[in-house]
*Asks:* 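Encoded as structure tokens, here's the structure I'll be asking about.
Model, not experiment: these values are computed from the prediction. Residue indices begin at 1 and follow the sequence shown.
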Amino acid sequence: RVEGSCFVIEGEFWRPEFERFRMLYDAHPEIRCLELRTSPGGATYGALQIGQMAQDRGMRTVARGRCVSACALAFLGGERRELGAPWRGEPTVLLLHGSFDRTSGEPDWLFREPIRAWVSERTAGRLPADLLDEALRLPDPAGGLVVAAMPGAGAVRLCAGEPARGVCREVAGASARSLGLVVP
């Protein structure tokens with residue numbers, strides 16, 4: 001939907017959301033902002049397309065609340081990217097990982113290379129290839145590269161599973177800004 005001067009996508013990324021975004025995108029060529037709110041992810045292909053459209057238009061992207069999986073891929077389309085304020089009490093967290101089959105929950109290797117290429121391009125190569133590969137290879141869809149919005153640049157952890165289970169390690173010296181995930 002359109003709210004003020006931003007497109008807003010809230011919730012999952014499936015084909016209907018992509019189609020609605022494309023229609024709104026065409027109907028409102030003046031809008032240069034995309035706000036992503038509390039999304040558990042969804043379809044990788046549609047998210048990459050939304051991200052590409054955001055890049056083509058030179059949009060600013062803002063994540064608020066949990067922006068997981070496909071949401072993180074769309075977020076990376078922004079020329080300027082920021083982790084916004086919490087949404088409805090939920091802290092802002094970006095989680096980047098590989099693609100998973102929605103039926104079986106197994107890794108979907110078909111999208112591994114397109115995700116790697118997109119993330120590398122959008123972070124201008126600042127996200128180390130070995131760290132990105134590790135995040136893309138994780139077998140648990142609850143895990144990945146986790147960036148928590150904090151004052152400043154944001155803390156970065158790599159989690160083998162659900163971050164709340166504490167199976168994470170801090171990525172020493174890394175921040176959302178230093179890895180090119182957030183661009184002022």
*Asks:* Which heavy atom of R64 sits nearest to which heavy atom of G84, and what is that distance?
*Replies:*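 So the minimum-distance heavy-atom pair works out to CG-CA, 4.0 Å.
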*Asks:* Report the C-alpha separation of E3 and E35 in whole Å, then their side-chain angles, then the decisive distance to 0.1 Å, and conclude whether the side-chain contact (heavy atoms from CB on, under 4.5 Å) test is met.
*Replies:* CA-CA 9 Å; E3 282 186 17; E35 188 169 305; 5.8 Å; no
*Asks:* Quick check for you: to the nearest 0.5 Å, what is the distance between C33 atom SG and R57 atom CZ?
*Replies:*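 These two atoms lie 11.5 Å from each other.
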*Asks:* What residues, two or more places apart in sequence or in another chain, satisfy side chain to side chain donor-acceptor pair (under 3.5 Å) together with E106?
*Replies:*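 If we apply the side chain to side chain donor-acceptor pair (under 3.5 Å) test to E106, skipping adjacent residues, there are no hits.
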*Asks:* If hydrophobic clusters are built by linking Ile, Leu, Val, Met, Phe, Trp and Tyr wherever their side-chain heavy atoms come under 4.5 Å apart, do L132 and V183 end up in the same one?
*Replies:* no
*Asks:* Under the side-chain contact (heavy atoms from CB on, under 4.5 Å) criterion, do V93 and L83 qualify, and how do the steps go?
*Replies:* CA-CA 8 Å; V93 174; L83 300 177; over 6 Å; no
*Asks:* Indicate yes or no: does R32 engage E30 in a salt bridge with an N to O separation below 4.0 Å.
*Replies:* no
*Asks:* Please determine whether residues L138 and L181 belong to a single hydrophobic cluster, defined as Ile, Leu, Val, Met, Phe, Trp and Tyr linked transitively by side-chain heavy-atom distances below 4.5 Å.
*Replies:* yes
*Asks:* Are P128 and L179 side-chain neighbours, meaning at least one heavy-atom pair lies under 4.5 Å?
*Replies:* yes
*Asks:* Evaluate side-chain hydrogen bond (donor to acceptor under 3.5 Å, both in side chains) for Q49 paired with Q52, printing each intermediate quantity in order.
*Replies:* CA-CA 5 Å; Q49 293 299 310; Q52 184 63 58; over 6 Å; no
*Asks:* Looking at R60 and E82, is any side-chain nitrogen of the basic one under 4.0 Å from a carboxylate oxygen of the acidic one?
*Replies:*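 Yes, E82 and R60 are salt-bridged.
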*Asks:* Which heavy-atom pair separates L36 from F13 by the least distance, and what is that distance?
*Replies:*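 Smallest heavy-atom distance, with atoms named: CD2-CZ, 3.6 Å.
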*Asks:* Please check: side-chain N/O of S69 versus main-chain N/O of G41, any donor-acceptor pairing under 3.5 Å?
*Replies:* no
*Asks:* Once rounded to the nearest 0.5 Å, what's the spacing between atom CZ of F111 and atom CG of L73?
*Replies:*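 Between atom CZ of F111 and atom CG of L73 there are 10.0 Å.
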*Asks:* Carefully, step by step, assess F7 and F21 under the rule ring pair (Phe, Tyr, Trp, His ring centres under 6.0 Å).
*Replies:* CA-CA 8 Å; F7 295 114; F21 180 72; 5.2 Å; yes
*Asks:* Can you tell if the side chain of L34 reaches within under 4.5 Å of the side chain of I50, non-hydrogen atoms only?
*Replies:*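 Heavy-atom side-chain distance check passes, below 4.5 Å.
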*Asks:* Looking at S178 and R126, what are the two nearest heavy atoms and their distance?
*Replies:* O-NE, 3.4 Å
*Asks:* Is any side-chain N of the basic residue among E17 and R1 closer than 4.0 Å to the acidic one's carboxylate O?
*Replies:* no
*Asks:* Atom CZ of R66 and atom SG of C71: how far apart are they, to the nearest 0.5 Å?
*Replies:*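 So the gap between those two atoms works out to 10.5 Å.
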*Asks:* Hydrophobic clusters here meaning ILVMFWY residues chained together by side-chain heavy-atom distances under 4.5 Å, can you tell me if I9 and L95 are in one?
*Replies:* no
*Asks:* Start with the C-alpha gap between V2 and H28, add the side-chain angles, then the distance that decides, and say whether side-chain contact (heavy atoms from CB on, under 4.5 Å) holds.
*Replies:* CA-CA 9 Å; V2 173; H28 297 278; 3.8 Å; yes
*Asks:* Cationic tip of R122 within the cone over W118's six-membered ring, i.e. under 6.0 Å and within 45° of the normal?
*Replies:*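 Relative to the ring axis of W118, which defines the angle, R122 lies inside both limits.
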*Asks:* Verify side-chain contact (heavy atoms from CB on, under 4.5 Å) between S39 and V68, making sure each step is shown before the conclusion.
*Replies:* CA-CA 6 Å; S39 174; V68 174; over 6 Å; no
*Asks:* What I want to find out is whether E134 reaches R169 closely enough, with some N-O distance under 4.0 Å, to be called a salt bridge.
*Replies:* yes
*Asks:* Is R81 reaching over with its side chain to a backbone N or O of L76, donor-acceptor style, under 3.5 angstrom?
*Replies:* yes
*Asks:* Looking at E10 and R88, is any side-chain nitrogen of the basic one under 4.0 Å from a carboxylate oxygen of the acidic one?
*Replies:*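 Result for this pair is yes, salt bridge flagged.
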*Asks:* Is D108 close to T44 at the side-chain level, that is, under 4.5 Å between some pair of heavy atoms?
*Replies:*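 Counting from C-beta outward, T44 and D108 never come under 4.5 Å.
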*Asks:* Counting N and O atoms only, with roles assigned by atom type, does the side chain of H97 sit under 3.5 Å from a partner on the main chain of L136, one being a donor and the other an acceptor?
*Replies:*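 Side chain of H97 to backbone of L136: no pair is present.
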*Asks:* Looking at CG of D56 and CD of E79, how far apart are the two atoms once the value is rounded to the nearest 0.5 Å?
*Replies:*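 Rounded to the nearest 0.5 Å, the CG-CD separation comes to 9.0 Å.
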*Asks:* For the residue pair V167 and C159, establish whether any side-chain heavy-atom pair is separated by less than 4.5 Å.
*Replies:*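 No; the side chains remain at least 4.5 Å from each other.
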